[in-house]
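For reference, the structure discussed in these notes is given below.
Residue numbers begin at 1 in each chain, while the letters A, B, ... track the order of the sequences. Keep in mind that what you see is a predicted model, and the values were worked out from it rather than measured.
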2 protein chains.
Amino acid sequence: MKANAPEDEGRQDAAARLREWITGGRFMPNERLIETDLAQALNVNRANIRMALAMLEQEGLVVRERNRGARVRLVSDAEAIEIAEARQSLEGLIARQAAARASKADCAVLRGIIAEMRKAHTAADYLAISALNGRLHAEIQRIADNATVTRLLEMLRSQIVRQQYRAILLPGRARASVQEHAAIVVAICARDIGAAEKAMRRHIGGVIAALKQAIALKVG
Amino acid sequence: MKANAPEDEGRQDAAARLREWITGGRFMPNERLIETDLAQALNVNRANIRMALAMLEQEGLVVRERNRGARVRLVSDAEAIEIAEARQSLEGLIARQAAARASKADCAVLRGIIAEMRKAHTAADYLAISALNGRLHAEIQRIADNATVTRLLEMLRSQIVRQQYRAILLPGRARASVQEHAAIVVAICARDIGAAEKAMRRHIGGVIAALKQAIALKVG
DNA sequence: AATAACATGATTGTTGACAATCCTGTCGAT
DNA sequence: ATCGACAGGATTGTCAACAATCATGTTATT
């Protein structure tokens, strides 16, 4: 039975933890991922690491070359924009479906997040804003209840977390972001599917513009 | 060196061949995928099969349960529609980008495919229509030159090839499909990005409607 | 000094054996 | 006849050793 002792925390899916390590910035883009090292660090055997790397390659987080092992995938500026555009399209869809399904309780939650966002903004706490950002989108996805699109968005998001950070730090972007999010929530709570999609597309449009600006400025 | 003799054709990516087997209908939905059997059939070792199955799980083609192995994923009717809706969104984006980038040569190719489609339609050759269908979408994706979205669409398509078949066979659907495709090509060749996206969304909308109809009729 | 052949260590790829788990059918008790 | 315990086979999960390949530095030759 191998009782799940405290040292057995390694039983959690290796791929999930490795994904967190990569998106969390523990490895640099293009950094080599040595199988034996990872196996030791994650306390699983090499076969599991190989499977995890294969899965993360499918997700676009990792690049593997035969006999050369795996590296963290470097997503170019152009790709980051491609990804953000795809996200725009899918987030629009999810916002529309959320608007069609949102209950009053759902709306209360969304409004609560917006309120917290405003607070974080006046406090100039950009880290908190970023976190609330994620929470709001996750909540909208939960409301929309569309596993397919949620999965795709999760994939896309994980590929550009790094780039997203640079964008939110541009002057004035945080303020605009809060307003855009507020508009999305208003539309969803009004059950206006057209407005919800439009507001969401406008929001991600803002993200894309900020991203392009950050790229042009060579910020980050 | 293990010279690549003819019997070495098994060196091709096992995941790719297994994917073809699944989308090609060689296995039924929910059918168990036994690792040793697959290893023998594909002439690779079990470790490779395990990696392939992990990858195909990420793609949504396969479901794996711990200690219970892998099965071909059964996508429910509701999921099929979810997937088609996601496709609608992304195909719209790709059509828009194709319209922005299409050269005259590209348009000639697209028009050629439409011509062949019309021929196949008058000949009532539904298999050919379906194939041309795929070629047209692939061509549009090539023109749009967006690797990210192309990859996502490929994932989605592979999950519902089976359902798509039932839809095209509905009375009148083939004719409508040809017309919708023609409209897309016209818009792309006119470099009208708005019209291209709209035409594509309308087309996939038609697919979705047909799919719903097929589901309601319990066809397939 | 520049280059090529070569040796060496590091890393990935492959294989087979074994352990753990699940699934199925049989047997016995009620 | 129904139900549960249990045995046996089938299948998956784990592991370690080995082979193949790559990367790096060294040496010999010009």
Side-chain angles (χ1 to χ4, degrees), chain A residues 1-19 21-22 26-74, chain B residues 1-19 21-22 26-74:
Chain A
M1 187 170 293
K2 198 175 189 181
N4 48 355
E7 47 81 66
D8 188 43
E9 32 79 37
R11 262 308 320 122
Q12 182 189 147
D13 192 18
R17 284 189 296 156
L18 187 48
R19 182 185 302 116
W21 281 9
I22 293 174
R26 179 156 173 167
F27 301 105
M28 289 296 103
N30 269 335
E31 181 170 347
R32 283 191 69 183
L33 299 170
I34 311 293
E35 295 176 358
T36 51
D37 295 354
L38 295 176
Q40 196 163 10
L42 290 169
N43 197 33
V44 297
N45 64 36
R46 204 153 70 86
N48 285 325
I49 294 294
R50 291 182 124 255
M51 285 182 47
L53 289 173
M55 284 165 40
L56 294 179
E57 181 182 34
Q58 285 300 100
E59 288 183 45
L61 276 183
V62 151
V63 178
R64 290 194 317 149
E65 285 172 298
R66 177 161 183 98
N67 286 328
R68 287 183 196 199
R71 286 172 301 135
V72 176
R73 175 162 167 243
L74 167 72
Chain B
M1 185 171 296
K2 198 175 189 179
N4 48 353
E7 45 83 66
D8 188 43
E9 33 78 37
R11 262 310 318 125
Q12 183 188 148
D13 193 16
R17 283 189 296 157
L18 187 49
R19 183 184 302 116
W21 282 8
I22 293 174
R26 179 156 173 168
F27 302 106
M28 288 295 104
N30 269 337
E31 181 169 347
R32 281 192 69 185
L33 300 170
I34 311 293
E35 294 176 357
T36 51
D37 294 354
L38 296 176
Q40 196 163 11
L42 290 170
N43 197 33
V44 298
N45 64 34
R46 203 153 70 87
N48 285 325
I49 294 295
R50 293 185 120 250
M51 283 182 47
L53 289 173
M55 283 166 40
L56 294 179
E57 181 182 35
Q58 286 298 100
E59 287 183 45
L61 277 183
V62 151
V63 178
R64 289 193 319 148
E65 285 172 297
R66 171 152 189 109
N67 287 325
R68 287 182 197 197
R71 285 171 303 137
V72 176
R73 175 161 166 242
L74 168 72

Could you go over nucleotides 6-10 of chain C and give all protein N or O partners under 3.5 Å, atom names and distances?
none

Distance-only check: which donor-acceptor pairs under 3.5 Å involve side-chain atoms of residues 32-40 of chain B, not counting sequence neighbours?
residue : atom : partner : partner atom : Å
B:Glu35 : OE1  : B:Arg46 : NH1          : 2.6
B:Glu35 : OE1  : B:Arg50 : NE           : 3.4
B:Glu35 : OE2  : B:Arg50 : NE           : 3.4

Query raised in the report: Base, sugar-phosphate, or nothing: which does B:Ala47 touch, judged by heavy atoms less than 4.0 Å apart?
Result: base
**Report entry** Results of side chain to side chain donor-acceptor pair (under 3.5 Å) for B:Asn67 - residues two or more places apart only
**Finding:** none
Query raised in the report: Excluding sequence neighbours, so at least two apart, what forms side chain to side chain donor-acceptor pair (under 3.5 Å) with A:Arg64?
Result: A:Glu57
Query - Short side-chain N/O contact from A:Asn45 to OP1 or OP2 of D:dA16, under 4.0 Å - result: no
Query raised in the report: Could you give the CZ-to-P distance, from B:Arg71 to C:dC23, as a whole number of Å?
Result: 10 Å
Query - A:Glu59: partners by side chain to side chain donor-acceptor pair (under 3.5 Å), with sequence neighbours left out - result: A:Arg19, B:Gln58
Query raised in the report: Has B:Arg66 got a side-chain N or O lying under 4.0 Å from the OP1 or OP2 atom of D:dT14?
Result: yes
Query raised in the report: Rounded to whole angstroms, how far apart are CD on B:Gln40 and P on C:dG16?
Result: 13 Å
Report task. Would you kindly give the CG-to-P distance between A:Asp37 and C:dT12, to the nearest whole Å? Result -> 8 Å
Query raised in the report: Does any residue of residues 26-36 of chain A have a heavy atom under 4.0 Å from DNA chain C, and if so, which ones, in number order?
Result: A:Arg32, A:Leu33, A:Ile34, A:Glu35
Report task. Check every atom of C:dT14, D:dC22, C:dA17 against the side chain of B:Arg46 and return the nucleotide holding the closest atom. Result -> C:dA17
Query - Residue whose nearest DNA chain D nucleotide is more 5′ - A:Arg68 or B:Arg50 - result: B:Arg50
**Report entry** N or O in side chain of A:Asn67 less than 4.0 angstrom from D:dA20 OP1/OP2
**Finding:** no
